[in-house]
Amino acid sequence: MSAASLPPPTLWRTCRVLANRTRLDILALLARDGAQNVSSVARHLKLSLPTASQSLRALEARGLLTCRRVSRRVEYGLTEGRRQGSADQIVAALRRVLDRRGDRIERIFKLATAFTHPRRVEVFRAIAKGADSFAKIHAATRISVPALQRQLEKLEARGFIASTRGAYAVQTQADPFARALARLATG
């Protein structure tokens, strides 16, 4: 696969950051309680300071958090959606999902792992553009047969695609976070 055919790294790299329960717990805390400093996050979630700091930096590096200096401390909060980039779309969807009652962390984790590899983004995009058989997806992506089979299984297990008698189709998503990921994956 040439560098020119690779999908933009933003989605799969962001999903790799999100595919971590500690980081998702941090996002849930910030969505619920607002901006926090590293010490506060560590105390609320019973994390070490280095773990809290590293997780906050990873989320901020992907644009999911903003940070601002308040006196001698740095406070982290969810991105406010001032831009229309992919991180803002993900944060907006996460806010809607995290505001609901119940344990959403496992669901978000599972959905995020659907797109933690650029090949899965590429496969999903090919199906969304009409490649509905294994042969057509293979021709569109040029991913090896064993690797393509693995990517299809992962996307299907996470509910983003379905296959019926060898025909693949993108699944409509009811979950706001899943809808945002699917929209971003199709570019």
Side-chain angles (χ1 to χ4, degrees), residues 1-21 23-24 27-28 31 58-59 61-65 78-79 81 83-100 102-187:
M1 182 167 22
S2 71
S5 67
L6 280 174
T10 303
L11 179 62
W12 65 268
R13 287 187 177 152
T14 300
C15 284
R16 281 190 180 176
V17 168
L18 290 172
N20 177 289
R21 288 173 184 86
R23 293 183 196 131
L24 292 173
L27 289 170
L59 291 163
R62 296 310 311 150
L64 301 170
L65 299 180
L78 294 179
T79 301
R83 304 174 311 270
Q84 291 302 311
S86 61
D88 292 319
Q89 292 175 47
I90 289 172
V91 170
L94 282 170
R95 280 184 188 276
R96 287 190 299 276
V97 172
L98 291 170
D99 283 346
R100 296 179 182 174
D103 184 19
R104 304 296 295 161
I105 300 300
E106 285 305 310
R107 174 92 174 124
I108 295 167
F109 177 83
K110 182 180 178 184
L111 292 169
T113 61
F115 295 110
T116 55
H117 196 286
R119 284 183 175 173
R120 282 196 288 281
V121 176
E122 186 178 7
V123 168
F124 184 82
R125 187 173 290 156
I127 295 168
K129 289 182 178 178
D132 59 356
S133 69
F134 191 92
K136 289 178 184 177
I137 299 165
H138 178 55
T141 63
R142 301 195 186 278
I143 296 172
S144 72
V145 169
L148 179 57
Q149 187 62 47
R150 282 192 310 274
Q151 306 311 332
L152 288 166
E153 287 170 3
K154 289 180 182 187
L155 286 168
E156 191 165 8
R158 285 148 182 87
F160 282 93
I161 64 168
S163 65
T164 307
R165 293 186 289 263
Y168 292 90
V170 168
Q171 293 296 107
T172 302
Q173 299 295 323
D175 182 277
F177 180 63
R179 272 196 316 271
L181 292 179
R183 189 172 45 251
L184 292 167
T186 56

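We number each residue from 1, following the sequence as shown. Computed from a predicted model, the values in this text were never measured in an experiment.
A donor-acceptor contact shorter than 3.5 Å is absent between the side chain of T141 and the backbone of V123. Using modelled atom types, no side-chain atom of R104 and backbone atom of L98 make a donor-acceptor pair closer than 3.5 Å.
Each of L65, L59, L78 was checked for a side-chain contact (heavy atoms from CB on, under 4.5 Å) with V91, and the lone residue meeting it is L78.
Atoms CD1 and CZ, on I90 and R95 in that order, are 14.0 Å from each other to the nearest 0.5 Å. L148 CG to E122 CD: the interatomic distance, rounded to the nearest 0.5 Å, is 9.5 Å.
For R21, the salt bridge (Lys or Arg N to Asp or Glu O under 4.0 Å) test picks out E106, with sequence neighbours left out. With sequence neighbours excluded, the residues that form a ring-ring contact (aromatic ring centres under 6.0 Å, His included) with F124 are F115. Looking at residues two or more places apart in sequence or on another chain, you find a side-chain contact (heavy atoms from CB on, under 4.5 Å) between A92 and R96. Remark: N20 engages T22, R23 in a side-chain contact (heavy atoms from CB on, under 4.5 Å) (not counting sequence neighbours). Residues meeting the side-chain contact (heavy atoms from CB on, under 4.5 Å) test with A61, sequence neighbours left out: none. With sequence neighbours left out, Q149 forms a side chain to side chain donor-acceptor pair (under 3.5 Å) with E153. For K110, the salt bridge (Lys or Arg N to Asp or Glu O under 4.0 Å) criterion is met by no residue, not counting sequence neighbours.
Pairs engaging residues 162-187 under the ring-ring contact (aromatic ring centres under 6.0 Å, His included) rule: none recorded [sequence neighbours left out]. Within the structure, no pair that satisfies the ring-ring contact (aromatic ring centres under 6.0 Å, His included) test touches residues 130-150, not counting sequence neighbours.
Of all heavy-atom pairs spanning S86 and T10, the tightest one is OG-CG2, 2.9 Å. Among all heavy-atom pairs drawn from P176 and V97, the shortest one is CD-CG2, 3.9 Å. Contact record, I105 with A28: CD1-CB, 4.0 Å, taken as the closest heavy-atom pair. Closest approach of A19 and A112 over heavy atoms only: N-CB, 4.2 Å.
Looking only at side-chain heavy atoms (C-beta outward), I108 and L18 stay at 4.5 Å or farther from each other. A heavy-atom distance below 4.5 Å is found between the side chains of L152 and I127. Between H117 and R16, the closest side-chain pair of non-hydrogen atoms falls below 4.5 Å.
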Could you go through residues 154-164 and list every donor-acceptor pair under 3.5 Å that involves a side-chain atom there, pairing it with any protein atom two or more places apart or in another chain?
residue: E156; atom: OE1; partner: S163; partner atom: OG; Å: 3.4
residue: E156; atom: OE2; partner: S163; partner atom: N; Å: 3.3
residue: E156; atom: OE2; partner: S163; partner atom: OG; Å: 3.2
residue: R158; atom: NE; partner: T113; partner atom: OG1; Å: 2.7
residue: R158; atom: NH1; partner: K154; partner atom: O; Å: 3.1

Solution key, residues 178-187 side-chain donor-acceptor pairs under 3.5 Å, sequence neighbours excluded:
residue: R179; atom: NH1; partner: A174; partner atom: O; Å: 2.5
residue: T186; atom: OG1; partner: A182; partner atom: O; Å: 3.4
residue: T186; atom: OG1; partner: R183; partner atom: O; Å: 2.9

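Side chains of R120 and Q151: a donor-acceptor N/O pair is present below 3.5 angstrom, by distance only.
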